[in-house]
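Whatever order the structure lists them in is the order used to number ligands and atoms, beginning at 1.
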Amino acid sequence: MDAAQTEQALSGRTILAVFAHPDDESLACGGTLARLADAGVRVVLLCASRGENGSVSNPSLVAAGDLGHVRSGELREAARTLGIAEVLIYDHPDGDLRWADVPQFHDEIVAAIVRYQPDGVITFDDDGLYWHLDHIGVHERTYTAVRSLGADAPPLYYVTIPKGLMREVVEAAGGTAVKNAKFWGIDADAFGAAAKPATFVIDVRDWVSRKLAALSCHRTQMGPSHPLARLDAEQARQLLGHEHFRRAPTESRWESIIAQMGEPVPSA
Ligand SMILES: [Zn+2]
């Protein structure tokens with residue numbers, strides 16, 4: 001199938017993305033979600049929490065003190081930027097997603113799959129991007145929910161950030177000011193350190209500006225000095241132009257539509 005046929009085959013399909021906090025969707029796979037939306041896919045985002053315990057780039061953005069409320073608004077703005085059709089924000093406790101409300105969250109993911117009948121589900125891999133326990137919890141709940149549907153389940157895809165990429169972002173962002181920059185308090189080298197190799201990548205070079213625009217909607221998370229905010233267009237295209245995935249080991253009798261738009265990664 002050539003690129004045009006693949007985009008045509010995507011039209012009218014549905015993809016469900018399941019993440020932990022507002023901004024995960026843009027950081028992990030904002031380019032892919034925008035590309036899917038532009039191809040006519042109904043993208044549904046399920047966000048487990050409002051991110052109420054996250055960091056704050058500038059306290060004046062949270063004047064009323066309700067970070068969860070502000071971040072929910074930022075998420076809706078980012079979703080509009082990416083073309084996401086529906087955003088479901090749940091109130092599970094930020095920081096405790098691996099252990100809190102386990103049966104309830106499982107049932108909510110199953111219910112979203114039953115309601116939206118997605119052709120594919122995207123979530124974190126088991127490294128949680130950087131061992132973030134909330135991300136790992138969302139990975140676990142989503143895997144279990146998809147598996148519980150047996151062969152009727154849609155194919156499940158795990159998104160990862162490759163090892164070394166965030167270090168390259170810091171270096172490209174340049175200058176001693178950002179040399180030891182952290183991402184939301186996380187060391188750049190933590191990203192992807194435990195990621196399993198991707199099996200396919202999706203070319204999102206033409207959607208990088210939308211990914212960055214969506215990330216910058218998350219103002220409480222990404223101030224102007226953030227390394228991702230300092231990349232110029234060419235650096236961003238080069239560093240963020242491919243998003244990395246692997247198919248989860250779950251059954252599905254359905255064809256794999258996301259993998260069709262990707263390019264296989266040759267195994268090392
Ligand atoms: Zn997160």
Side-chain angles (χ1 to χ4, degrees), residues 16-33 43-57 61-62 67-79 81-82 84 87-102 105 108-109 112 121-143 145 157-163 165-166 169 181-195 211-212 214-223 226-229 240 243-245:
L16 173 68
V18 186
F19 288 113
H21 315 104
D23 83 354
D24 293 334
E25 77 299 328
S26 302
L27 177 70
C29 59
T32 298
L33 298 181
V43 178
V44 179
L45 171 64
L46 192 167
C47 185
S49 80
R50 296 179 183 273
E52 67 274 13
N53 289 323
S55 55
V56 178
S57 64
L61 296 169
V62 196
L67 179 59
H69 177 76
V70 175
R71 292 191 70 184
S72 300
E74 292 174 343
L75 177 57
R76 293 190 189 286
E77 204 183 319
T81 302
L82 296 173
I84 292 173
V87 183
L88 313 170
I89 307 177
Y90 290 89
D91 259 321
H92 299 298
D94 181 14
D96 202 14
L97 295 179
R98 200 174 186 193
W99 298 280
D101 311 334
V102 167
F105 188 25
E108 286 161 353
I109 298 169
V121 177
I122 300 173
T123 192
F124 302 105
D125 206 337
D126 60 7
D127 71 321
L129 298 184
Y130 47 90
W131 288 123
H132 192 312
L133 294 178
D134 277 353
H135 297 176
I136 294 171
V138 168
H139 161 86
E140 291 168 341
R141 293 292 81 67
T142 307
Y143 171 73
Y157 304 93
Y158 295 144
V159 62
T160 57
I161 291 180
K163 189 175 177 182
L165 175 64
M166 290 309 219
V169 167
K182 292 190 182 263
F183 295 85
W184 308 279
I186 312 300
D187 189 89
D189 295 319
F191 287 82
K211 176 186 174 101
L212 285 174
L215 270 166
S216 59
C217 293
H218 295 283
R219 281 176 288 277
T220 57
Q221 304 306 299
M222 199 171 104
H226 192 287
L228 285 168
L240 308 176
E243 291 175 339
H244 295 65
F245 295 86

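- Side-chain contact of H92 with E108: a donor-acceptor pair under 3.5 Å is present, judged by distance alone.
- Atom CD1 in I186 sits 10.0 Å away from atom CG in L129 (nearest 0.5 Å).
- Among I89, L75, L82, the single residue meeting the side chain to side chain contact (heavy atoms under 4.5 Å, CB included) criterion with L45 is L75.
- Applying the salt bridge (charged side-chain N to carboxylate O under 4.0 Å, His left out) test to residues at least two apart or on different chains, the pairs with a partner in residues 129-143 are R98-E140.
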Checklist entry - What do the steps show when you test C29 against F19 for side-chain contact (heavy atoms from CB on, under 4.5 Å), and what is the final call? => result CA-CA 11 Å; C29 59; F19 288 113; 3.7 Å; yes

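- Within the protein, the N, O or S atoms sitting under 2.8 Å from the Zn ion (ligand 1) are H21 ND1, D24 OD1, D24 OD2, H135 NE2.
- Considering D23, L61, V56 in turn, D23 is the only one that fulfils the side chain to side chain contact (heavy atoms under 4.5 Å, CB included) rule with Q221.
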